[in-house]
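A short worksheet on the structure shown next.
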Amino acid sequence: MATFYGKKNPNEPMEENRPLPQQAYPADNIPMMPNAAPEKPLQKQTLITDEDVDKAVQILRRYKSGKANLDSRIVEDELWWQLRHWEVLGRDKHKKGDTTPDVTSAWLFNAILNKHADAMDNIPAPVVLPRERMDEASAKTLSDVLPVIMEYNGYEKVYSSNWWEKLKHGSGIYSVIWDKDKDNGLGDIAITQVDLLNLYYEPGITDIQQSRNVFITKLVDIDTMKKLYPEQADRIKGDAIDVKDYLYDDTVDNTDKVVVVDWYYKTTNSQGKQILQYAKFCGGVLLYASENEPEYQERGYYDHGLYPFVIDSMFPEKGTPIGFGYISICKDPQIYIDKLSSNIMQSSLMGTKRRYFVSNSTAINEEEFADWNRPFIHVEGEISDSRIMEMQHLPVDGIYYNVLQQKIDEMKETSSNRDVNSGGSASGITAASAIAALQEAGNKVSRDMISQSYRAYQDIVSMVIELIRQFYDETRSFRITGKQIDQYEFVELSNQQLMEQKTGHYASDGSPLYRKPVFDLKVKAQKRNPFSKMEENERAKELYGLGFFAADNAQAAMGALEMMDFEGIDKVKEYVGNGQTLMNIVQQQQQQMQLIMLCLQTVILFSNILIM
């Protein structure tokens, strides 16, 4: 939890042409470079107009056309996730005369469920390392503060939501922006999820940072937009572009909504440096443009110059930054599992319902014959086996059950979701440590997918640090909780620790040289798997049983630990090292006590001799 100081007056009037709170633009108080000369007041210039918005709309339509196949796939994949894939396959359940049951098994659903559980067992946490000795204090402060910022943004929920998207559709998208309206106008970092259907980029690129433009669309009530932008109320009427939408179970009415577009684009300033700019428009009407603000014309909207989006992809594809997920690779076996199950189920239903061949010459009351509650059935004429006979049903051959099981096994192998990954075991294995070992051995695919998410997490944390460097111009206090809930301390942070600093050296022209604090990022996992904890407990008991924590075995234990590698080994080495140090101190004190006793005995002996 964080407590901030130096808040702005919440009653201060808001600036004109402000963007929506979710996509707020940075505060006006921008920190100046060290020893920079005061800049002359700049006059506001209108560089971006409605004509530029019209051009942006044309670019957006071109991007939307290039992404049409992906959008359609995402909508269909969502139906597969909802077990509504018969709708995708085009079967009409209510078609007259179609008695084939639509079996919808959840093997694909279960595979995605287990992979998501693996991801939630390994939520990332940042560790910031300095590149220079003088930045050690700043790196430690960032390592303490960054988890608080993540918690303040509900990162665990965003991480979970994006992992669902990653597993289903192939990619999860994070937005890392500065929200100036947070904390009563003080402003802070906002980390949110971006829907795949709302992101548009240049077709053909594999890295979103290579795109010339990036667009984010959102449906907003037209009344809300008119209240937020009263000066443009008469012009906000229709939509300049439509957006793809999911097939909801509920009835969703978008009649009174308009599409609001956040437009990010890269350009170059007068010095030839590439910078990022931002604009917002609705229905072809410009609402805000950072390039029209004097403080952003040369500097750019964000100092890091990157699009504030990080894409975490599952399986990569050529020509697009969006990958494909488990539904794309597992839908084929899922189709045949359901078709075979459907036919087997239909055969089972036919076998449990008796049918008869009846000759036309036999007058049988069919109503009474079909009603099992009636004890008497009226018949005209003679009844014989030649005139009425039960229709024999041939059951499905066992080979087809084997084919079904083979398809299920194919699904498990393709999705790397074997029985042991779900907590099951084979060959009678019941020991928790053995199951944990099998799970770790079978989780290679999960570890690989999680490693990609950790790389995306590094990009997110890097953007967070850069936003701290740009906008944390007021000191903020953070409460850092220790291992025990009642153990905590307060840490203060501002961008003064991260701004460019004098090196003490000078250029050839006599001007001072500056250095920018740069940090390396490492990601550690917050293990939540009970089997992993059990394995760690078993390891601790095993080390204790082998005498690793005995002080007189410290030297041999340290030698063995140098050849081992497991999570938490540094703490074990520290504990064993402390035991060795304590043993040395005790031995030294014992030697000193022996010397003192020897000296005391010598003094007593000479005293006795003198007395005699």
Side-chain angles (χ1 to χ4, degrees), residues 59-82 85 88-89 108-109 111-112 114-116 118-119 158-159 161-176 193-217 243-247 264 266 306-335 410-411 413-417 444-460:
I59 297 173
L60 175 56
R61 287 175 177 167
R62 189 169 71 249
Y63 287 7
K64 181 177 180 293
S65 176
K67 187 170 168 275
N69 291 335
L70 175 61
D71 289 345
S72 298
R73 175 174 68 81
I74 292 171
V75 173
E76 288 186 2
D77 287 350
E78 192 66 21
L79 292 176
W80 278 87
W81 166 248
Q82 299 172 13
H85 47 277
V88 180
L89 299 176
L108 175 56
F109 180 90
I112 294 176
N114 278 281
K115 296 305 177 185
H116 185 269
D118 290 340
V158 179
Y159 176 81
S161 299
N162 269 329
W163 256 94
W164 288 123
E165 296 297 300
K166 179 179 178 179
L167 292 166
K168 292 187 295 182
H169 308 309
S171 293
I173 305 175
Y174 297 86
S175 169
V176 186
Q193 178 192 14
V194 178
D195 195 295
L196 283 167
L197 294 182
N198 296 334
L199 176 71
Y200 297 93
Y201 47 83
E202 182 178 350
I205 55 100
T206 55
D207 184 356
I208 194 171
Q209 300 298 334
Q210 300 173 352
S211 181
R212 181 66 181 84
N213 305 268
V214 172
F215 298 92
I216 299 293
T217 61
V243 293
K244 188 80 173 179
D245 209 347
Y246 296 103
L247 299 178
Y264 294 89
K266 292 184 178 180
L306 302 174
Y307 292 121
F309 307 107
V310 176
I311 299 178
D312 181 14
S313 295
M314 176 70 71
F315 306 115
E317 286 188 77
K318 290 290 186 180
T320 176
I322 307 299
F324 58 94
Y326 268 99
I327 292 178
S328 296
I329 63 175
C330 293
K331 63 172 60 176
D332 185 71
Q334 181 66 63
I335 289 174
E410 178 187 347
M411 169 72 75
E413 291 294 329
T414 303
S415 61
S416 299
N417 188 44
K444 292 186 294 184
V445 175
S446 294
R447 289 196 294 270
D448 182 51
M449 294 186 299
I450 293 171
S451 297
Q452 170 58 30
S453 291
Y454 285 3
R455 289 189 287 271
Y457 184 75
Q458 287 180 326
D459 295 337
I460 294 171

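Everything numeric in this text was worked out from a predicted model, so none of it was measured.
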Pairs satisfying side chain to side chain donor-acceptor pair (under 3.5 Å), at least one member in residues 315-327, at least two apart: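 Qualifying pairs, neighbours excluded: Tyr201-Thr320.
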Side chain proximity check, [X] to [Y], heavy atoms < 4.5 angstrom:
{"X": "Glu202", "Y": "Gln210", "value": "no"}
{"X": "Ile173", "Y": "Ile208", "value": "no"}
{"X": "Ile112", "Y": "Trp164", "value": "yes"}

Residues Asp71, Lys64: salt bridge by 4.0 Å N-O rule: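 Judged by the 4.0 Å cut-off on N to carboxylate O distance, Asp71 and Lys64 do not form a salt bridge.
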SB check Asp312 Lys166 (cutoff 4.0 Å): yes
Contacts of type ring pair (Phe, Tyr, Trp, His ring centres under 6.0 Å), residue Trp80, not counting sequence neighbours: His85
Leu196 and Leu70: CA distance, side-chain angles, deciding distance, side-chain contact (heavy atoms from CB on, under 4.5 Å) verdict: CA-CA 9 Å; Leu196 283 167; Leu70 175 61; 5.9 Å; no
Could you tell me which non-hydrogen atom of [X] sits nearest to which non-hydrogen atom of [Y], and how far apart they are?
{"X": "Pro321", "Y": "Ser171", "result": "O-OG, 4.1 Å"}
{"X": "Asp77", "Y": "Lys168", "result": "OD2-O, 3.9 Å"}
{"X": "Lys331", "Y": "Ser328", "result": "CG-O, 3.9 Å"}
{"X": "Trp163", "Y": "His116", "result": "CB-CD2, 3.8 Å"}
{"X": "Tyr63", "Y": "Pro203", "result": "CD1-CD, 3.6 Å"}
{"X": "Lys67", "Y": "Leu197", "result": "NZ-CA, 3.9 Å"}

For the atom pair [atom1] ([X]) and [atom2] ([Y]), what is the distance rounded to the nearest 0.5 Å?
{"X": "Phe315", "Y": "Ile322", "atom1": "CZ", "atom2": "CD1", "value": "15.0 Å"}
{"X": "Glu76", "Y": "Ile74", "atom1": "CD", "atom2": "CD1", "value": "11.0 Å"}
{"X": "Tyr454", "Y": "Asp459", "atom1": "OH", "atom2": "CG", "value": "15.0 Å"}
{"X": "Cys330", "Y": "Glu410", "atom1": "SG", "atom2": "CD", "value": "9.0 Å"}

Donor-acceptor pair, distance only, cut-off 3.5 Å: does the side chain of [X] make one with the backbone of [Y]?
{"X": "Gln209", "Y": "Tyr307", "result": "yes"}
{"X": "Ser211", "Y": "Asn213", "result": "yes"}
{"X": "Gln334", "Y": "Leu108", "result": "yes"}
{"X": "Ser65", "Y": "Arg61", "result": "no"}

Tyr264 and Phe309 aromatic ring geometry - parallel, tilted or perpendicular at 30°/60° bounds: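 Phe309 vs Tyr264 ring planes: perpendicular.
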Neighbour count above 12 (heavy atom, 6.0 Å) for Asp207 CG: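 Yes, the 6.0 Å shell around CG holds more than 12 heavy atoms from other groups.
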Donor-acceptor pair between Arg455 and Gln452 side chains, under 3.5 angstrom: yes
By side chain to side chain contact (heavy atoms under 4.5 Å, CB included) - contacts of Val158 (at least two apart):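 With neighbours one apart ignored, the set is Asn162, Tyr174, Gln193.
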